[in-house]
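Note that these values count all heavy atoms, side chains included, but never hydrogens, waters or copies made by symmetry.
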Amino acid sequence: MPLDPQAVTLLERIKVANAPQYWEVSAPQARELYMKTRAAVSPPLPEVAHVENMRMPGPAGEIALRYYRAHGTKADDLLPVLVYFHGGGWVIGDLDTHDNLCRALANAGRCAVVSVDYRLAPEHKFPGAVDDSIAATHWVHANAARLKVDESRIAVGGDSAGGNLAAVVSLHFRDTWGPKLSLQLLAYPALDFTNTTASHRDFADGYLLTKKSMEWFAEQYLNGPQDVRDWRASPIFAADLSKLPPAFVITAGFDPLRDEGKAFAEKLQAAGVSVTYECFEGMIHGFMGMGGVLAAGNHAIYRAGQALRTAFASASESQTAALHRTR
């Protein structure tokens with residue numbers, strides 16, 4: 001399938017703009033650049049029932065959170081919740097860059113969303129982001145009553161680097177008997193720091209996310225070569241992928257990360273995990289956050305919402321069945 005015409009137009013606009021590449025500037029400058037470009041590609045800001053900034057104690061200081069409740073819900077409704085980790089190569093991105101996307105996911109999933117402002121590299125190397133993501137998910141579970149969310153219906157999700165963190169949190173909770181998760185929502189996730197797949201070679205340049213950018217992100221985030229195959233950095237190398245939450249994996253056809261997302265979905269399925277895999281063939285990396293210029297981004301959010309609603313409904317049915325068995 002060819003590159004989507006809307007993606008062609010966007011890539012041409014980016015080329016004409018001739019903005020600096022992330023690897024050509026400092027991390028703080030890259031964050032500013034990312035913030036400026038998000039507004040130009042985002043759809044109108046979705047209305048939600050409630051938005052609130054919060055803070056929680058973390059492993060190395062306070063972690064900022066942003067809490068959303070879906071449009072049309074009431075303050076006392078007990079909602080399922082998605083704990084969301086933003087993308088940005090573990091270096092850029094924050095609560096503001098993904099505000100639009102988190103609002104849209106809350107509405108599409110008819111749920112609450114807690115967006116996590118985990119520590120960024122290079123100021124905080126691996127596994128700082130992992131530790132914060134685990135702590136935030138535990139905090140949401142422990143504070144379910146305060147948040148008016150159902151502790152038995154918690155999903156984790158993220159895009160790109162955030163998808164990496166969601167996969168790692170899912171593995172950690174399985175191995176530590178943490179809260180049972182309803183779904184892992186992985187949007188074009190970064191799962192393999194070896195960067196050796198065919199899609200990394202085929203789309204190394206010219207499709208927004210480049211080989212040099214990936215190398216720069218890795219250099220900022222990892223401590224050295226010893227981290228590359230650590231499953232907390234590259235979850236595709238986890239020794240056992242069984243007994244994990246159901247997964248909804250989205251990839252893009254012209255994305256360097258496409259093949260590792262597909263491979264991870266196949267490994268999960270082979271391990272007995274329920275998986276829905278969907279490749280948006282004509283799309284580029286990051287398209288879910290570009291609904292203002294890429295119609296497929298809005299469709300992907302709709303599909304993610306369907307996956308969330310289905311997973312939450314299944315969790316409710318399982319809980320009801322368990323209650324009947326104990327009577």
Side-chain angles (χ1 to χ4, degrees), residues 46-54 56 65-86 95 98-116 133-159 162-163 165-167 169-174 177-187 243-250 273-276 278 288 300-324:
E47 181 181 353
V48 292
H50 181 78
V51 183
E52 183 179 349
N53 289 327
M54 297 180 168
M56 58 159 281
L65 309 170
R66 188 166 294 168
Y67 167 59
Y68 306 83
R69 293 177 67 85
H71 181 66
T73 61
K74 298 177 182 178
D76 289 334
D77 289 344
L78 190 67
L79 300 179
V81 59
L82 168 66
V83 183
Y84 195 82
F85 313 111
H86 67 78
L95 301 181
H98 284 65
D99 181 61
N100 196 304
L101 180 56
C102 286
R103 288 166 175 262
L105 286 170
N107 291 342
R110 298 174 194 158
C111 62
V113 172
V114 177
S115 182
V116 181
S133 299
I134 291 169
T137 309
H138 274 298
W139 185 89
V140 169
H141 179 262
N143 288 271
R146 170 187 171 186
L147 298 171
K148 298 290 184 185
V149 298
D150 187 346
E151 65 178 13
S152 68
R153 293 186 294 162
I154 299 175
V156 292
D159 58 292
L165 294 171
V169 168
S170 298
L171 284 158
H172 173 84
F173 275 25
R174 180 204 60 187
W177 298 95
K180 184 177 180 181
L181 300 174
S182 301
L183 183 74
Q184 45 181 326
L185 172 62
L186 313 179
K243 299 179 181 178
L244 287 168
F248 182 52
V249 183
I250 293 174
V273 177
S274 176
V275 180
T276 300
E278 188 163 351
M288 270 182 68
I301 291 171
Y302 171 76
R303 292 285 293 126
Q306 285 183 312
L308 286 165
R309 294 195 304 272
T310 299
F312 291 142
S314 178
S316 292
E317 291 170 4
S318 297
Q319 186 180 31
T320 301
L323 286 172
H324 284 307

On a heavy-atom basis, which atom in [X] and which in [Y] lie closest, and how many Å separate them?
{"X": "Ala104", "Y": "Pro46", "result": "N-CG, 4.0 Å"}
{"X": "Cys111", "Y": "Leu79", "result": "C-CD1, 4.0 Å"}
{"X": "Ser152", "Y": "Ala315", "result": "O-CB, 3.9 Å"}
{"X": "Val169", "Y": "Ser133", "result": "CG2-CB, 3.8 Å"}
{"X": "Gly72", "Y": "Ala49", "result": "N-CB, 4.3 Å"}
{"X": "Pro245", "Y": "Val273", "result": "O-CG1, 3.3 Å"}

How about [X] and [Y]: do any of their side-chain heavy atoms sit closer than 4.5 Å?
{"X": "Pro246", "Y": "Leu183", "value": "yes"}
{"X": "His138", "Y": "Pro179", "value": "yes"}
{"X": "Val81", "Y": "Asp150", "value": "no"}
{"X": "Leu82", "Y": "Val114", "value": "no"}
{"X": "Arg303", "Y": "Thr276", "value": "yes"}
{"X": "Thr137", "Y": "His172", "value": "no"}
{"X": "Trp139", "Y": "Met54", "value": "yes"}

Verify, without hydrogens or angle tests, whether [X] (side chain) and [Y] (backbone) share a donor-acceptor contact under 3.5 angstrom.
{"X": "Arg174", "Y": "Leu244", "value": "no"}
{"X": "Tyr84", "Y": "Asp159", "value": "yes"}
{"X": "Glu52", "Y": "Tyr67", "value": "no"}

Exercise. Is atom CZ of Arg110 surrounded by more than 12 heavy atoms (other residues, nucleotides or ligands) closer than 6.0 Å?
Worked result: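 At most 12 heavy atoms, drawn from other residues, nucleotides or ligands, come within 6.0 Å of this atom.
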Exercise. Hey, are Gln306 and Arg309 close enough side-chain-wise for a donor-acceptor pair under 3.5 Å?
Worked result: no
For this session: Verify whether one side chain among Tyr68 and Asp99 offers a donor that lies under 3.5 Å from an acceptor in the other.
Result: yes
From [X] atom [atom1] to [Y] atom [atom2], the distance as rounded to the nearest 0.5 Å:
{"X": "His98", "Y": "Met288", "atom1": "NE2", "atom2": "CE", "result": "9.0 Å"}
{"X": "Gln184", "Y": "Leu165", "atom1": "CD", "atom2": "CG", "result": "12.5 Å"}
{"X": "Ile134", "Y": "Ser170", "atom1": "CD1", "atom2": "OG", "result": "10.5 Å"}
{"X": "Ile154", "Y": "Phe312", "atom1": "CD1", "atom2": "CZ", "result": "9.0 Å"}
{"X": "Leu186", "Y": "Phe85", "atom1": "CG", "atom2": "CZ", "result": "11.0 Å"}
{"X": "Thr73", "Y": "His50", "atom1": "OG1", "atom2": "NE2", "result": "9.5 Å"}

For this session: Would you sort out whether Val116 and Leu65 count as a side chain to side chain contact (heavy atoms under 4.5 Å, CB included), showing the intermediate values?
Result: CA-CA 5 Å; Val116 181; Leu65 309 170; 4.0 Å; yes
For this session: Apply the side-chain contact (heavy atoms from CB on, under 4.5 Å) test between Arg69 and each candidate in Leu147, Asp77, Val51, Val48; give the one that qualifies.
Result: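 Only one option passes, and that is Asp77.
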